[in-house]
Protein chains: 2
Amino acid sequence: MAKKPPAPPRREGSLSRDRIIEAAIVLLDEAGESGLTFRALAERLVTGPGAIYWHIANKGELLIAACDAIVARAMSEARLDASPEASIRAIALGMFDAIDEHPWVGSALTHAPGQLPAVRLLERLGRSLRELGVRREREWTTVSALLSYVLGVGAQNAANRQFAFAEGLERDSFLASVSTAWSELDAAEYPFARSIAAQLSDHDDREDFLAGIDLILGGIHALT
Amino acid sequence: MAKKPPAPPRREGSLSRDRIIEAAIVLLDEAGESGLTFRALAERLVTGPGAIYWHIANKGELLIAACDAIVARAMSEARLDASPEASIRAIALGMFDAIDEHPWVGSALTHAPGQLPAVRLLERLGRSLRELGVRREREWTTVSALLSYVLGVGAQNAANRQFAFAEGLERDSFLASVSTAWSELDAAEYPFARSIAAQLSDHDDREDFLAGIDLILGGIHALT
DNA sequence: ACCTGAACACCGTTCAAGT
DNA sequence: ACCTGAACACCGTTCAAGT
């Protein structure tokens with residue numbers, strides 16, 4: 001991400017769907033969801049905004065395509081050699097890390113249900129669940145719970161990042177501010193939130209995520 | 001919510017934060033997330049767009065406030081008399097139904113992490129988990145898994161609705177179209193998605209949601 | 001204190017016109 | 001076939017001016 005010299009904006013060659021998607025990913029990574037604009041994208045590609053519409057139908061399709069590129073990469077990198085449980089952890093963790101690196105993927109995935117990116121994830125999880133020996137009648141229920149959990153955590157993590165970013169805070173100071181806000185809640189109405197506020201500041205998102213996966217795997221195990 | 005006669009657009013009395021939030025909820029329910037516009041809201045309240053800013057800082061705050069009103073209602077309605085497990089199911093189901101009725105709440109909740117609406121839910125889940133006897137060191141991990149799952153399913157359900165709505169389809173025909181899309185995927189690359197496509201059309205979202213909750217509760221039980 | 005509504009700086013998308 | 005860029009119909013938000 002920082003090896004080659006800061007090459008001048010090239011316009012060599014012509015536009016293409018892939019080139020547009022690649023540029024969109026860079027823009028999303030750099031400026032967040034609100035940074036993806038047809039004008040900004042056009043500027044980066046040295047064209048006018050209208051040119052993009054020749055290759056891509058609209059902003060929604062662009063977002064899904066960018067999201068799909070990231071998910072496909074993450075899925076192809078997940079190692080699947082070990083036990084089915086280990087594979088599920090690897091798939092889930094791969095997705096977690098991908099969303100962590102590209103927060104916009106979190107909400108993009110959630111907002112495009114049933115589309116290719118989500119199906120890629122579902123496919124991988126489903127195959128491992130089959131290996132695990134989940135009964136046919138419980139297959140749908142089980143993948144869908146796992147998928148919801150992965151997407152849920154991912155979306156929330158992404159939201160955390162974006163919320164912090166929007167307020168100009170680092171992750172730590174964002175968590176700290178939420179933590180003190182919780183500890184100042186009404187004692188009678190929010191005893192639990194108050195008492196858990198301290199643990200908020202020094203938890204590990206990745207560990208918590210995995211612990212949740214293990215909770216679900218534990219539940220699956222108990223029923224198999 | 002439906003007792004009094006269909007009163008004509010009133011402008012009696014003055015604007016207030018509560019009145020604005022109430023109107024925002026109606027607008028969101030009727031026209032979806034993209035329907036909430038300061039101009040549309042102002043029209044409904046018989047004022048100019050600027051007037052709203054006297055009572056509310058910006059659109060984000062308005063969305064969170066509207067979301068909070070719905071969550072507060074749902075939480076206060078959840079019955080908590082029975083066992084902790086039953087309480088957790090009731091809380092989760094209450095949230096599921098609330099999001100089902102007001103799909104915009106799904107993404108609003110997700111996009112405002114650590115804010116009041118999410119804390120309400122966390123508080124209720126946390127108290128029940130304590131009753132259940134979850135060990136202190138596992139409390140944070142456990143609530144956060146449960147919360148992520150609830151929000152994840154909710155957000156996805158909401159996205160389903162909105163996706164279908166945007167394409168002018170009913171839930172059933174939307175699911176049917178996704179189902180046929182999945183069954184036409186490449187056989188070598190997507191065996192699982194293809195084989196499960198059929199089950200997609202006739203599943204029950206609510207039942208699947210509860211089954212996922214039970215999976216997590218099963219995992220918690222195994223560790224307690 | 002509260003409201004008005006024009007104005008500012010943006011959006012996504014379209015489309016005639018160019019090559 | 002592919003690109004250009006002005007134009008359209010919107011946004012959220014601000015702010016002088018009114019009551």
Side-chain angles (χ1 to χ4, degrees), chain A residues 9-28 30-67 104 107-108 111-112 115 162-163 165-168, chain B residues 9-28 30-67 104 107-108 111-112 115 162-163 165-168:
Chain A
R10 51 164 163 173
R11 27 158 194 162
E12 99 184 28
S14 58
L15 234 46
S16 73
R17 199 182 144 88
D18 282 348
R19 184 112 96 187
I20 292 170
I21 291 169
E22 192 197 338
I25 291 174
V26 174
L27 208 48
L28 284 161
E30 282 178 10
E33 237 171 305
S34 67
L36 179 62
T37 274
F38 275 80
R39 275 164 248 256
L41 194 56
E43 193 180 1
R44 198 176 279 260
L45 292 165
V46 201
T47 23
I52 296 166
Y53 282 88
W54 183 261
H55 298 95
I56 271 158
N58 53 44
K59 192 172 178 176
E61 189 190 307
L62 178 55
L63 212 54
I64 292 179
C67 176
W104 51 272
S107 57
H111 286 93
Q115 301 304 107
Q162 248 148 16
F163 213 73
F165 183 75
E167 304 201 353
Chain B
R10 49 168 164 172
R11 18 146 204 174
E12 97 183 33
S14 58
L15 234 46
S16 74
R17 201 182 143 87
D18 282 349
R19 186 112 96 186
I20 293 170
I21 292 168
E22 191 197 338
I25 291 174
V26 174
L27 208 49
L28 284 161
E30 283 178 10
E33 239 171 302
S34 67
L36 179 61
T37 275
F38 275 79
R39 276 165 245 258
L41 194 56
E43 193 181 1
R44 198 175 280 260
L45 291 164
V46 200
T47 23
I52 297 165
Y53 282 87
W54 183 261
H55 298 94
I56 271 159
N58 52 45
K59 192 172 177 174
E61 190 190 309
L62 178 55
L63 212 54
I64 292 179
C67 178
W104 50 273
S107 55
H111 285 92
Q115 300 305 107
Q162 247 148 18
F163 212 76
F165 182 73
E167 304 200 353

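Chain letters run A, B, ... following the sequence lines, proteins first and then strands; every chain starts at 1.
Taking every heavy atom of both residues into account, A23(B) and L45(B) meet most closely at CB-CD2, 3.9 Å. Scanning all heavy atoms of the two residues, the minimum distance from I21(A) to A66(A) falls at CG2-CA, 3.9 Å. In terms of heavy atoms, G32(A) sits closest to Q162(A) at CA-NE2, 4.4 Å.
Look at H55(B) and you'll find a side-chain N or O under 4.0 angstrom from OP1 or OP2 of dC3(C). Not one side-chain nitrogen or oxygen of W54(A) sits closer than 4.0 Å to the OP1 or OP2 atom of dC3(D).
Counting only Watson-Crick and G-U wobble pairs whose two distances sit under 3.5 Å, DNA chain C takes part in these stems of three or more pairs: C:4-8 with D:12-16, C:12-16 with D:4-8.
Here dC2(D) presents its C1' atom at 14 Å from CZ of R19(A), a figure rounded to the nearest Å. Atom CZ in R17(A) sits roughly 18 Å away from atom C1' in dA1(D) (whole-Å rounding).
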- Task: Go through the steps to decide whether E61(B) and R17(B) satisfy the test side-chain contact (heavy atoms from CB on, under 4.5 Å), and finish with yes or no.
- Result: CA-CA 11 Å; E61(B) 190 190 309; R17(B) 201 182 143 87; 2.6 Å; yes
- Query: Given L62(B) and L36(B), is the side-chain contact (heavy atoms from CB on, under 4.5 Å) satisfied, shown in steps?
  - Reply: CA-CA 10 Å; L62(B) 178 55; L36(B) 179 61; 4.2 Å; yes
Evaluate the salt bridge (charged side-chain N to carboxylate O under 4.0 Å, His left out) criterion for residues E22(B) and R44(B): first the C-alpha distance (whole Å), next the side-chain angles of each, then the deciding distance (0.1 Å), finally the verdict. CA-CA 11 Å; E22(B) 191 197 338; R44(B) 198 175 280 260; over 6 Å; no
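One distance of note links NZ of K59(A) with CG of L41(A); it measures 10.0 Å at 0.5 Å rounding.
Below 30°, between 30° and 60°, or above 60°: for H111(B) and H111(A) the angle between ring planes is between 30° and 60°, a tilted geometry.
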Which atoms of nucleotides 10-14 of chain D (N or O only) lie under 3.5 Å from a protein N or O atom, and what are those distances?
residue	atom	partner	partner atom	Å
dG12(D)	OP1	L36(B)	O	3.4
dG12(D)	OP1	K59(B)	NZ	2.7
dG12(D)	OP2	F38(B)	N	3.2
dG12(D)	N7	R39(B)	NH2	2.4
dG12(D)	O6	R39(B)	NH2	2.7
dT13(D)	OP2	Y53(B)	OH	2.8
dT13(D)	OP2	K59(B)	N	3.0
dT13(D)	O5'	Y53(B)	OH	3.0

